[in-house]
Amino acid sequence: MDSNISQLLKLRREKLSKIIENGINPYPINSQRSHYINEFMTDKETWISSEKPISVCGRLVAMRRQGKLGFGNIEDISGKIQIYVAQNITGEDNYEVFKLCDTGDFVQVEGTLFFTQAGEYSIKVAKITLLSKNLRPLPAVKEKTVDGKVIRYDEFADIELRYRKRYLDLLLNPNHRQVFVLRSNIMKGIRKFLESRDYIEVETPILQPLYGGANARPFTTHHNTLDTDLYLRIALELYLKRLIVGGFERVFELGKNFRNEGMDRTHNPEFTMLELYEAFTDLNGMMELTESLIKFLAKEVIGKDTFTFQGKQVTIAGDWKKASMIDLIKEHTGFDATDFDIDKITAMCKQHKIEIPKGAGAGKMISLLFETFVEDQLIQPTFVTDFPKEISPLAKAKPDNPNLTDRFELLIAGNEFANAFSELNDPLDQRARFEAQAKLKELGDEEANVVDEDFLEALEYGMPPMGGLGIGIDRLIMLLTENDSIKEVILFPQMKPE
RNA sequence: GGUCCAGUAACUCAGUGGUAGAGUAUCUGCCUUUUAAGUAGAGAGUCGAUGGUUCGAGUCCAUCCUGGAUCACCA
């Protein structure tokens, strides 16, 4: 490629040869760690006065060599500490090893703890051992601490490089590594919360002969032995409901969904979804659960209840607002869609230049009005309820209004965070809903649901009344970690091939 | 897909038509208490790509690539 980097690589390889010539194994099998670095960080005086020999393994992240002595910083998963390496302590031969070390090498240092003349808590190295030689120099990042604040220089900040070479981002930007630690903790928190409510965790197929449970275009793949096309799931819903038919009463799945659609700040083609189903409860149960779960995660994992998200202050404290979609439209526009009068609603859409898709009825248009006039105004957590039946093919209709379903979406900062309903368990009604969707598909709606005969058959065996909930986990993590782009909370976001 | 912004050394960036630069990193010399930073020197770039305008293009124009923001589409 370019000559500069190849020159740097060549130099490192020459150094490697020299190491091997000196009889040093640059990639030994064994390493011996007696402590993690953060174990020394309390009771420093005790560690120093004990003169206890310790052994630390980690990556050299900085080197400051000065003639026959030098300093470095060694970092492991727990933290970072300075090492002090002096030839009159290590001996000449071992000091040669230190001289052959570079930033980026993994090393093991043995020694004792002390304070340097400058007062820095450090390991006085008796012996340094190379554990893994670095052949490709790491980008230079330096930092200093002023009044407890870390100032970084030449930070590895190029967004594209950070995503494409995520290992470097994690290595060089501890704040970005921390996001994924929090992500792990959030996942653990979700499991802990649901287990405390007697949910069991299940896994259902990603490769499916039919896709369903959401409005979305799927990815298609092919199974060679079966010689059949399969779809990557777009939702977990229909298989989880089969499990409730099968006698489980509380199930959840945390897994990847795949949707063959556009990508932006809040959409990645594969994303993580939590879906759960609970028999003998309804939408109100799901509302309580959603609010409790998110408050639990904020408190237990993050430790706060106010977040800056997409430039807005969001607080999850207090009781969350609940309002019906039609009431919200009325509140924001003065327009009353209660009567589902299609002529009136069509006129309203046309007046505001809202494009009406083929086959759209009053219900679909109401949802378009909501998206146009209300959605991004809902900053604080809001349960939007009473969705039109037309756009809710898996939700039970409201007993007092057949145009509406017992469904909510949770909106925060104008983004959808959760979707839940009292699940439709009437097999005949469900068939009619699927058939209405199939008509839309014929009219060209690529995201309409398909008729799933196997699922309908399962419903005919009987499914109890229940509440179901889906939460987009990546977006929830964006909120809780205060990241505005989904790419910041997914380790390897989708990118165009280089 | 539309619009806007960006792409120059490994990293962070400067360079508004006239010999491609800085700091860090790297390499070499000296150096036994440094901590973004000892010190002296050195090497390092197809300026995202292609075409054009011009005596002359990193710079101006066109097209394309990649990324970001935003709108559209979309949960």
Side-chain angles (χ1 to χ4, degrees), chain A residues 1-12 14-15 61-73 80-90 95 102-104 114-122 124 136-146 150-165 168 172-173 213-217 234-235 257 259-269 271 273 310-311 354-355 357 367-368 371 375 387 391 409-411 414-419 445-447 470-472 474-475 484-487 493 495-498:
Chain A
M1 261 181 44
D2 69 76
S3 66
N4 183 39
I5 185 69
S6 66
Q7 186 188 352
L8 291 174
L9 296 181
K10 195 169 155 226
L11 282 162
R12 285 286 161 103
E14 283 169 5
K15 212 161 188 175
V61 292
M63 290 271 276
R64 295 177 293 280
R65 224 166 54 71
Q66 308 222 328
K68 293 186 178 61
L69 81 89
F71 298 85
N73 293 92
K80 189 159 76 171
I81 192 168
Q82 177 169 275
I83 61 172
Y84 168 82
V85 189
Q87 194 185 65
N88 64 357
I89 302 171
T90 62
Y95 196 77
D102 291 298
T103 305
F114 81 122
F115 282 118
T116 64
Q117 281 183 12
E120 171 113 1
Y121 190 52
S122 308
K124 186 183 286 178
R136 195 174 281 267
L138 298 170
V141 177
K142 299 205 167 188
E143 59 186 41
K144 72 172 170 184
T145 307
V146 179
V150 177
I151 302 170
R152 313 190 85 219
Y153 299 84
D154 298 337
E155 192 159 12
F156 182 72
D158 183 284
I159 290 175
E160 183 176 354
L161 273 180
R162 282 184 42 232
Y163 297 154
R164 288 194 191 277
K165 309 278 180 203
L168 291 180
L172 299 168
N173 297 322
N215 300 333
R217 279 182 284 166
I234 58 171
N257 283 343
R259 298 188 184 175
N260 207 339
E261 290 164 353
M263 300 152 58
D264 61 28
R265 217 166 41 146
T266 56
H267 297 81
N268 196 60
F271 62 100
M273 189 86 167
Q310 299 188 344
I354 296 170
E355 200 181 319
S367 74
L368 292 173
E371 285 165 22
E375 199 166 51
F387 277 59
I391 57 162
E409 280 190 3
L410 172 64
L411 285 158
N415 290 278
E416 180 201 332
F417 275 75
N419 184 12
D445 183 350
E446 291 184 89
E447 284 145 17
I471 296 180
D474 307 288
R475 286 190 196 166
D484 289 348
S485 169
I486 199 167
K487 287 188 163 88
M495 304 285 279
K496 279 203 185 178
E498 281 181 286

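The chains referred to below are lettered A, B, ... by the order of the sequence lines, with proteins before strands, and numbering in each begins at 1. If you're wondering where the values come from, they're calculated on a predicted model, not measured in any experiment.
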Query raised in the report: Under 6.0 Å from the CD atom of A:Glu14, do we count more than 12 heavy atoms belonging to anything else shown?
Result: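 More than 12 heavy atoms, drawn from other residues, nucleotides or ligands, come within 6.0 Å of this atom.
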
Which part of the nucleic acid, if any, lies within reach of [X] when heavy atoms closer than 4.0 Å are counted: base, sugar-phosphate only, or nothing?
X	value
A:Lys15	sugar-phosphate
A:Gln87	nothing
A:Lys144	base
A:Ala214	nothing
A:Leu172	nothing
A:Arg265	sugar-phosphate
A:Asn73	nothing
A:Arg152	nothing
A:Asp158	sugar-phosphate
A:Ala62	nothing
A:Gln66	base
A:Lys487	sugar-phosphate
A:Arg164	sugar-phosphate

If pairing requires Watson-Crick or G-U wobble contacts with both distances under 3.5 Å, which nucleotide is the partner of [N]?
N	result
B:A44	none
B:G51	B:C61
B:U3	B:A69
B:U39	B:G29
B:G21	B:C13

Select one nucleotide: of [options], the one nearest the side-chain heavy atoms of [X].
X	options	value
A:His267	B:A36, B:U35, B:C74	B:C74
A:Glu120	B:U35, B:A36, B:C11	B:U35
A:Glu261	B:C74, B:U12, B:C27	B:C74

Requested in this report: Go through the steps for A:Leu161 and A:Leu168 under the test side-chain contact (heavy atoms from CB on, under 4.5 Å), then give the verdict.
Outcome: CA-CA 9 Å; A:Leu161 273 180; A:Leu168 291 180; over 6 Å; no

Taking atom [atom2] of [N] as reference, at what distance in whole Å does atom [atom1] of [X] sit?
X	N	atom1	atom2	answer
A:Lys142	B:U34	NZ	C1'	11 Å
A:Leu8	B:G45	CG	P	11 Å
A:Phe156	B:U24	CZ	C1'	15 Å
A:Glu375	B:C73	CD	P	12 Å
A:Ile83	B:U32	CD1	C1'	16 Å

Query raised in the report: For RNA chain B, whose closest nucleotide is more 5', that of A:Met495 or that of A:Phe271?
Result: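 That would be A:Met495.
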
Query raised in the report: Taking for each residue the nucleotide of RNA chain B bearing the nearest heavy atom, is the 5' side occupied by A:Ala86 or by A:Leu138?
Result: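 Residue closer to the 5' terminus by nearest nucleotide: A:Leu138.
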
**Report entry** Taking every non-hydrogen atom, the tightest pair across A:Lys165 and A:Phe156
**Finding:**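 It is O-CE2, 4.5 Å.
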
Query raised in the report: Closest approach of A:Gly72 and A:Arg64, non-hydrogen atoms and distance?
Result: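 Result for this residue pair: O-NH2, 4.2 Å.
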
